[in-house]
Amino acid sequence: GSDNNLANSNGAAYIFDLSSDNTSWDQTAYLKSSYRREVNGVHGFGVSVSFNQAGTIVAVSAAERSRIGESLPGHVNVFNQQADGSWSRSSDIQPNFVGGTDQFGISVSLNDTGNRLLVGSFLEDGSGTGLDAEHNDDASNAGAAYLFVNEGGTWKEKRYLKASNTKTEDNFGRSVSISGDGKTIA
């Protein structure tokens, strides 16, 4: 995206690298969402950011976004650093089922290699419990988390995660984390 401040509430992610002499931080990238400001003028891109261990892959979320037909569903953009140091968007991620005010992307976490991504959605309304529960809207703001895996350059939703004791207003998924090896999530 272009380096401007023309649209309120759109957000951005700024990447800074430590100088070789370890004395200063230099801005090396300005990342914008794959979506422009649409209905309602709210976007919130950059609400959560996570790097892989090498700092060459970054996930940046927008938990709020306006889209025709739905009010404020979120999304996550994944960017890869190129050989020349620039950044390019490789993916725009949304779950298979998303509600208008689920706040998908309120939190994101990449594992060390950057091939597993955990995304929180604390206002998701499903009443199911555990792994891969049935999708419904029976427990307002119960929350959920989603595990995505990059397979051959394509991000695929692998797990839909709910608390073991799901209740209305639990806000599960407000904060998420995945271990470095990608085998443990919280």
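Without hydrogens or angle criteria, Q82 side chain to N80 main chain gives a donor-acceptor distance under 3.5 Å. The main-chain N or O of V78 is found under 3.5 Å from a side-chain atom of S90 such that the two form a donor-acceptor pair. A donor-acceptor contact shorter than 3.5 Å links the side chain of S121 to the backbone of D102. Proximity of a side-chain donor or acceptor of K162 to a complementary backbone N or O of G126 within less than 3.5 Å is detected. Side-chain atoms of S107 come within 3.5 Å of backbone atoms of G173 as a donor-acceptor pair (strictly under, hydrogens ignored). In this structure a side-chain-to-backbone donor-acceptor pair under 3.5 Å is missing from S140 to T168. Remark: the backbone N or O of Y160 is paired with a side-chain donor or acceptor of D132 at under 3.5 angstrom. At distances below 3.5 Å, at least one donor-acceptor pair connects side-chain atoms of S48 with backbone N or O atoms of V108. Side-chain atoms of T56 never come within 3.5 Å of backbone atoms of Q81 as a donor-acceptor pair (strictly under, hydrogens ignored). A donor-acceptor contact shorter than 3.5 Å links the side chain of K32 to the backbone of G11.
With contacts defined as side-chain heavy-atom distances shorter than 4.5 Å, the pair L110/L117 qualifies. The shortest side-chain heavy-atom distance between L161 and L131 falls under the 4.5 Å cut-off.
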Between E169 and N141, is the side-chain contact (heavy atoms from CB on, under 4.5 Å) condition met? List the steps.
CA-CA 5 Å; E169 302 297 335; N141 301 335; 3.2 Å; yes

With side chain to side chain donor-acceptor pair (under 3.5 Å) as the test, would you mind laying out the steps for T166 and D170 before giving the verdict?
CA-CA 7 Å; T166 299; D170 277 350; 5.4 Å; no

Carefully, step by step, assess V119 and V176 under the rule side-chain contact (heavy atoms from CB on, under 4.5 Å).
CA-CA 7 Å; V119 181; V176 297; 5.9 Å; no

Would I15 and F79 count as a side-chain contact (heavy atoms from CB on, under 4.5 Å) if you check the C-alpha gap in whole Å, the side-chain angles of each, and the deciding distance to 0.1 Å?
CA-CA 11 Å; I15 296 180; F79 296 85; over 6 Å; no

Please test E124 against Y146 for side chain to side chain donor-acceptor pair (under 3.5 Å), starting from the C-alpha separation and ending with a verdict.
CA-CA 11 Å; E124 187 271 345; Y146 299 83; 4.5 Å; no

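Taking the side chain to side chain donor-acceptor pair (under 3.5 Å) definition, one finds that K158 meets it with E151, sequence neighbours left out. With sequence neighbours left out, the side chain to side chain donor-acceptor pair (under 3.5 Å) criterion links N115 to N111, T113.
Rounded to the nearest 0.5 Å, atoms OG1 (T28) and CG (L18) are 11.0 Å apart. For the atom pair CZ of F172 and OG1 of T129, the computed distance is 11.0 Å after rounding to the nearest 0.5 Å. Interatomic distance, F97 CZ to D125 CG, rounded to the nearest 0.5 Å: 14.5 Å. From R116, atom CZ reaches atom CG of N150 across 11.0 Å, with rounding to the nearest 0.5 Å. The CD1 atom of I185 lies 5.0 Å from the CG atom of L118; values are rounded to the nearest 0.5 Å.
Heavy atoms only, all atoms of each residue included: V60 and F45 are closest at CG1-CZ, 3.3 Å. Taking every heavy atom of both residues into account, Q94 and F104 meet most closely at CA-CE2, 3.9 Å. Shown here for S50 and S109, the closest heavy-atom pair between the two residues is OG-CA, 3.5 Å. Closest approach of Y30 and A12 over heavy atoms only: CE1-CB, 3.7 Å. The nearest pair of heavy atoms linking S91 to W155 is OG-CD1, 2.9 Å. Nearest heavy-atom pair across Y14 and Q27 is CD2-NE2, 3.5 Å.
Grouped with L123 in one hydrophobic cluster are V47, I106, F122, the linkage being side-chain heavy-atom contacts under 4.5 Å among Ile, Leu, Val, Met, Phe, Trp and Tyr residues.
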